[in-house]
**Student:** 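Dropping a structure here in structure tokens format, bear with me for questions.
In the text below, chain A, chain B and the rest are named by the order of the sequence lines, each starting its count at 1.
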Number of protein chains: 2
Amino acid sequence: MPCHDSPDLKKLDLITVLRALADPVRLDIVQRLYVLGEANCAALIGARPKSSMSHHFQVLRESGVLHTRIEGVQHHNSLRLQELEERFPGLMQSILGGADATQLRRQTSS
Amino acid sequence: MPCHDSPDLKKLDLITVLRALADPVRLDIVQRLYVLGEANCAALIGARPKSSMSHHFQVLRESGVLHTRIEGVQHHNSLRLQELEERFPGLMQSILGGADATQLRRQTSS
DNA sequence: TCTATAGTTCGGTCGTTATCGAACTATAGA
DNA sequence: TCTATAGTTCGATAACGACCGAACTATAGA
């Protein structure tokens, strides 16, 4: 199963993860992804240009926040919740705690 | 008791807090402060120039991460752990979880 | 083979922020 | 009143990062 390389669990750096999350666009992606489970890039980026999209996904991937599984022409993204939980216990829960799933689903489907 | 203004609990913004924490110097300050409880600026900044120090404390204060109590010529800083816990449950714990108090104390006293 | 689709890479611009010296403010103590 | 101390403010510079158009790559499907 082809995929983008994801950094090793031990190499995940707190500063890098925080920087990745400390951006409105990327935090939005992460929160939507939490609700959706898995989604391709187009479903997560809204109306932004593809190059911006690609940039943000690269940051999230390289920081270790998400994993990208490539299937044909589509890139399926998902949060690396389990690994993040091992490395930084409670972090993602606290970030995602504010994300009301119902509200997010409403935003996503509109 | 004079002090710097700290933003209201409700105005604390996750992005702003994450950005404040996503800096090596500031994260170091926060982790030391967690161990020390309260400390003045000089004790937290190491060998950096005073203007840099002042900048980082301003960012941390304005984001709501810490509170500064002024006593004479000294500024006593402390984390706003309780308010942060109310607003973003689990966040600071996860950030500080990696901070081994013993290790930090050793660094601080060396 | 041709075309559409999904995403990447490249190059440039622009805004933000970290850094730091220098001047400044305010308090404590001699 | 004079001086030392603690921290702020100002102004400049430099680096980083977000943004975006354009060209490119790779796969699926007609």
**Student:** With Watson-Crick and G-U wobble geometry limited to distances under 3.5 Å, how should the secondary structure of DNA chain C be encoded in dot-bracket form, using | for bases paired to another strand and [ ] for crossing pairs?
**Tutor:** ||||||||||||||||||||||||||||||

**Student:** Look at the side-chain N and O atoms of A:R61 and state whether any lies under 4.0 Å from the OP1 or OP2 oxygen of C:dT8.
**Tutor:**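 So the side chain of A:R61 is within the cut-off, an N or O lying under 4.0 Å from OP1 or OP2 of C:dT8.
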
**Student:** Show the distances under 3.5 angstrom between N or O atoms of the protein and N or O atoms of nucleotides 13-18 of chain C.
**Tutor:**
residue, atom, partner, partner atom, Å
C:dA18, OP1, B:R26, NH1, 3.3
C:dA18, OP1, B:R26, NH2, 2.9
C:dA18, OP2, B:H55, NE2, 2.4

**Student:** Is any side-chain nitrogen or oxygen of A:S52 closer than 4.0 Å to OP1 or OP2 of D:dC19?
**Tutor:**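 False: A:S52 side-chain N/O out of range (4.0 Å or more) of D:dC19 OP1/OP2.
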
**Student:** Output the rounded distance in Å from CD1 (A:I15) to C1' (D:dG17).
**Tutor:**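 So the CD1-C1' distance, A:I15 to D:dG17, works out to 16 Å.
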
**Student:** Rounding to an integer number of Å, can you tell me how far A:R48 CZ sits from D:dC19 P?
**Tutor:**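 Rounding to the nearest Å, CZ of A:R48 and P of D:dC19 are 6 Å apart.
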
**Student:** So, the side chain of A:N77 versus the backbone of A:A39: is there a donor-acceptor pair under 3.5 Å, distance only?
**Tutor:**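 Yes; judged by distance alone, with no hydrogens or angles, the pair exists.
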
**Student:** Check whether any side-chain N or O of A:S63 sits under 3.5 Å from a backbone N or O of A:V59 as a donor-acceptor pair, and report yes or no.
**Tutor:**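 Pair found, side chain donor or acceptor close to backbone of A:V59.
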
**Student:** From B:D8 CG over to B:R87 CZ, what is the distance, rounded to the nearest 0.5 angstrom?
**Tutor:**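 Nearest 0.5 Å value for the CG-CZ distance: 10.0 Å.
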
**Student:** Provide a list of protein-nucleic acid N or O atom pairs under 3.5 angstrom, restricted to nucleotides 1-6 of chain C.
**Tutor:**
residue, atom, partner, partner atom, Å
C:dA6, O4', A:V73, O, 3.4
C:dA6, O3', A:V73, O, 3.4

**Student:** Any donor-acceptor pair under 3.5 Å linking the side-chain atoms of B:R26 with those of B:H56?
**Tutor:**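 The answer is yes; a qualifying pair exists.
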
**Student:** In whole angstrom, give the distance that lies between atom CD of A:Q58 and atom C1' of D:dA18.
**Tutor:**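 After rounding, the gap between these two atoms is 13 Å.
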
**Student:** Decide whether B:I15 and A:L79 are clustered together by the hydrophobic rule: side chain heavy atoms of Ile, Leu, Val, Met, Phe, Trp, Tyr closer than 4.5 Å, transitively.
**Tutor:**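 Result: yes, single cluster for both.
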
**Student:** Between P on D:dA26 and CD1 on A:I70, what's the gap in Å once rounded to a whole number?
**Tutor:**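 Distance, rounded to whole Å: 12 Å.
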
**Student:** With rounding to the nearest 0.5 Å, note down the distance linking NE2 in A:H67 to CZ in A:R61.
**Tutor:**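 That separation rounds to 10.0 Å.
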
**Student:** OG1/B:T68 to CG/B:N40 distance, rounded to the nearest 0.5 angstrom?
**Tutor:**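 Going from OG1 on B:T68 over to CG on B:N40, the span is 11.0 Å.
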
**Student:** Between atom CE of A:M92 and atom CZ of A:R80, what is the distance when rounded to the nearest 0.5 Å?
**Tutor:**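 So the gap between those two atoms works out to 11.0 Å.
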
**Student:** For B:L66 and B:V30: C-alpha separation, side-chain torsions, deciding distance, then whether side-chain contact (heavy atoms from CB on, under 4.5 Å) applies.
**Tutor:** CA-CA 8 Å; B:L66 64 76; B:V30 167; 5.6 Å; no

**Student:** Treat each ILVMFWY residue as a node, draw an edge where side-chain heavy atoms are under 4.5 Å apart, and state whether A:V73 and A:I45 are in one component.
**Tutor:**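 A:V73 and A:I45: separate clusters.
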
**Student:** Respond yes when some side-chain nitrogen or oxygen of A:S51 is under 4.0 Å from OP1 or OP2 of D:dG21, and no when none is.
**Tutor:**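 So the side-chain polar atoms of A:S51 never come under 4.0 Å of the phosphate oxygens OP1 or OP2 of D:dG21.
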
**Student:** With hydrophobic residues grouped by side-chain heavy-atom distances under 4.5 Å, do A:L96 and A:L91 end up in a single group?
**Tutor:**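 Yes, because A:L96 and A:L91 connect within a single hydrophobic cluster, where side-chain heavy atoms sit under 4.5 Å apart.
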
